Amino acid sequence: MKMVNSAALKPSRVVIVGMGAVGTTTGYTLMLRQRSSELVFVDVNHDKATGEMLDMNHGLPFTGGVKVWAGDYSDCKDADIIIITAGASQKPGETRIDLLKKNASIFKEIIERITEVNSHGILLIATNPVDILSYTSWKQSGWPASRVIGSGTLLDSARFRYLIGKNKGIDPRSIHAHIIGEHGDSEVPVWSLANVAGTNLELDEETQQDIFDRTKNAAYEIINAKGATSYAIALALDRIVAAILGNEGSVLNVSTLLEDYNGVSDVYLGVPCVVDRNGVREILPLPLNETEKVAFQASANKLKEQIAGLE
């Protein structure tokens, strides 16, 4: 008789904590793409989580086999990935850092509830300010830094590539360019390494500055226009989930703990990382020029000051 590998039959479970605009859109994206066999929605407003679950379940005859339910923190026990999108949202005119004290308080309870029942999964943080909340989540959880990941500058890099591609008339998937550092106002464009198929981009300084300004301010523009960002960040989170559950070893600009990285230590920032089933497997070094290195270190120092203010 052929033996069945029971591990291969184990369902994959993703829990989303926080069913606001980002959490709901992420859940819908994961359901459509069937990233996991189980998808659980947790929210302080259980009726909201239930409503979103019902609405998506009614679409399952059109999409396929994902088990979706509204649960609670006990459902994190068997989760492979817990995505946290809960917290106060960014309002027009408000910076990501303005959200810090409000969301740090909310996160303290969330991380405690999750780690009471789960010690093996991966925490994927999306709530802003994402780099600081990823750092404090790592500290509070006691988990290895490799398994506490922030969405980082993955979305910023996508915006950057989109705008460069639009300027050059080239598919943004063929643009290789990084935004690193804070997911926020001190983020750093790595123009020195930006290229198309290894060919340097021919963009004057004025065009470069315009593209970067539009990249950095994209969230503010969207929030002022419609109240919240949701679609692109949901796709970014979906991309990270796919890399983890598929054990891809993909290079993604996520937020992770840095130690002696271009002169930066003991802070979470977005940099290119190899992401697989175990989380962040490796942090890839970037040979920054001197201007970029100084800006990157300034980004780190800004976040360290904010973290110190919480202690």
Side-chain angles (χ1 to χ4, degrees), residues 22 26 81 83 85 96 122-135 137-138 145-165 172-196 201 211-212 214-219 229 231-244 246 248-259 261-262 264 267-276 278-289 292-293 295-300 302-303:
V22 173
T26 300
I81 304 172
I83 304 173
T85 67
R96 296 176 179 93
I122 291 175
L123 286 172
L124 176 52
I125 313 298
T127 305
N128 281 317
V130 68
D131 304 291
I132 297 175
L133 291 176
S134 298
Y135 180 87
S137 296
W138 163 65
S146 61
R147 292 198 286 110
V148 181
I149 305 171
S151 54
T153 52
L154 184 59
L155 175 55
D156 310 81
S157 296
R159 289 168 172 159
F160 194 43
R161 292 166 59 200
Y162 163 75
L163 290 167
I164 293 171
R173 291 173 297 180
S174 297
I175 304 292
H176 303 282
H178 300 282
I179 296 287
I180 61 172
E182 178 197 9
H183 171 56
D185 297 336
S186 70
E187 63 190 35
V188 181
V190 187
W191 286 111
S192 66
L193 299 176
N195 71 89
V196 178
L201 295 169
I211 288 173
F212 174 56
R214 290 162 65 197
T215 298
K216 183 174 66 173
N217 297 321
T229 63
Y231 299 119
I233 182 58
L235 287 166
L237 293 169
D238 170 78
R239 184 68 193 89
I240 299 168
V241 168
I244 294 169
E248 291 180 351
S250 295
V251 177
L252 304 172
N253 284 29
V254 296
S255 187
T256 193
L257 181 68
L258 300 182
E259 294 298 338
Y261 186 95
N262 278 295
V264 168
V267 68
Y268 265 65
L269 288 174
V271 295
C273 298
V274 179
V275 179
D276 64 12
N278 296 310
V280 172
R281 187 181 81 202
E282 183 181 354
I283 301 170
L284 300 181
L286 281 179
L288 306 178
N289 66 29
E292 293 160 350
K293 187 179 292 187
F296 183 69
Q297 292 171 355
S299 184
K302 172 191 172 184
L303 296 194

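Note that the structure is a prediction, hence the values are computed from the model and not measured.
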Supply the atom-to-atom distance Thr153 OG1 to His178 NE2, rounded to the nearest 0.5 angstrom.
-> 9.0 Å
With sequence neighbours left out, write down each residue that passes side-chain contact (heavy atoms from CB on, under 4.5 Å) with Asn195, or none if nothing qualifies.
-> His176
Taking only residues two or more places apart in sequence, or in another chain, which ones meet Thr26 in a side-chain contact (heavy atoms from CB on, under 4.5 Å)?
-> Ile16, Val22, Leu30, Ile83, Ala234, Leu237
Measure across Leu133 and Asn128 and return the closest heavy-atom pair with its distance rounded to 0.1 Å.
-> CD1-O, 3.5 Å
By side-chain hydrogen bond (donor to acceptor under 3.5 Å, both in side chains), which residues pair with Thr85, not counting sequence neighbours?
-> none
Flag, side chain of Ser157 to backbone of Ile179, donor-acceptor distance under 3.5 Å = yes
Pairing residues for Asp238 by the side-chain hydrogen bond (donor to acceptor under 3.5 Å, both in side chains) criterion, not counting sequence neighbours | Arg33, Arg35
Set of side-chain contact (heavy atoms from CB on, under 4.5 Å) partners for Leu284, sequence neighbours left out = Val251, Pro272, Val274, Glu282
State, yes or no, whether a side-chain contact exists between Phe296 and Leu286 at a heavy-atom distance under 4.5 Å.
-> no
What is the minimum heavy-atom distance between Pro287 and Leu193, and which atoms define it?
-> CD-CD1, 3.9 Å
Qualifying residues under ring-ring contact (aromatic ring centres under 6.0 Å, His included), relative to Phe212, sequence neighbours excluded = none
With rounding to the nearest 0.5 Å, note down the distance linking CG in Leu257 to CH2 in Trp138.
-> 4.5 Å
Counterpart residues, salt bridge (charged side-chain N to carboxylate O under 4.0 Å, His left out), relative to Glu248 (two or more places apart) | Arg239
Would you say Ser186's side chain and Glu182's backbone share a donor-acceptor pair under 3.5 angstrom?
-> no
Would you mind reporting whether Trp191 and Ile164 have side-chain heavy atoms less than 4.5 Å apart?
-> yes
Would you please classify the geometry between the Tyr268 ring and the Tyr135 ring as parallel, tilted or perpendicular, with 30° and 60° separating the classes?
-> perpendicular
Tell me, please, which residues at least two apart from Asp276 pass salt bridge (charged side-chain N to carboxylate O under 4.0 Å, His left out).
-> Arg281
Could you go through the side chain to side chain contact (heavy atoms under 4.5 Å, CB included) check for Val271 and Asn253 one step at a time?
-> CA-CA 5 Å; Val271 295; Asn253 284 29; over 6 Å; no
With sequence neighbours left out, write down each residue that passes side-chain contact (heavy atoms from CB on, under 4.5 Å) with Leu163, or none if nothing qualifies.
-> Ile211, Arg214, Thr215
State, to 0.1 Å, how close Ile149 and Gly279 come at their nearest heavy-atom pair, and which atoms those are.
-> CD1-CA, 3.8 Å
From Thr127 atom OG1 to Ile125 atom CD1, the distance as rounded to the nearest 0.5 Å | 7.0 Å
Between Lys216 and Glu187, does at least one N-O distance fall below 4.0 Å, as a salt bridge requires?
-> no
Atom pair CG/CG of Asn217 and Asp185 - distance to nearest 0.5 Å = 7.5 Å
Do the non-hydrogen side-chain atoms of Leu269 and Ser299 ever get within less than 4.5 Å of each other?
-> yes
Quick one: salt bridge (charged side-chain N to carboxylate O under 4.0 Å, His left out) partners of Arg147, sequence neighbours excluded?
-> none
Could I get the full list of side-chain hydrogen bond (donor to acceptor under 3.5 Å, both in side chains) partners for Ser146, not counting sequence neighbours?
-> none
What closest approach, in Å, do Glu292 and Ser192 show between heavy atoms, and which atom pair accounts for it?
-> OE1-OG, 2.7 Å
Between Ala236 and Leu154, the two heavy atoms sitting closest are O-CD2, 3.5 Å
Compare every heavy atom of Gly150 with every heavy atom of Val254, then report the nearest pair and how far apart it is.
-> CB-O, 3.3 Å
Could you list the residues that satisfy side-chain hydrogen bond (donor to acceptor under 3.5 Å, both in side chains) with Ser255, not counting sequence neighbours?
-> Asp131
How far apart are the C-alpha atoms of Leu155 and Arg159, what are their side-chain angles, what is the distance that settles it, and do they pass the side chain to side chain contact (heavy atoms under 4.5 Å, CB included) test?
-> CA-CA 6 Å; Leu155 175 55; Arg159 289 168 172 159; 3.4 Å; yes
Can you list the steps and then say if Leu288 with Ile180 is a side chain to side chain contact (heavy atoms under 4.5 Å, CB included)?
-> CA-CA 11 Å; Leu288 306 178; Ile180 61 172; 3.9 Å; yes
Residue pair Leu252, Cys273: steps toward the side chain to side chain contact (heavy atoms under 4.5 Å, CB included) verdict | CA-CA 5 Å; Leu252 304 172; Cys273 298; over 6 Å; no
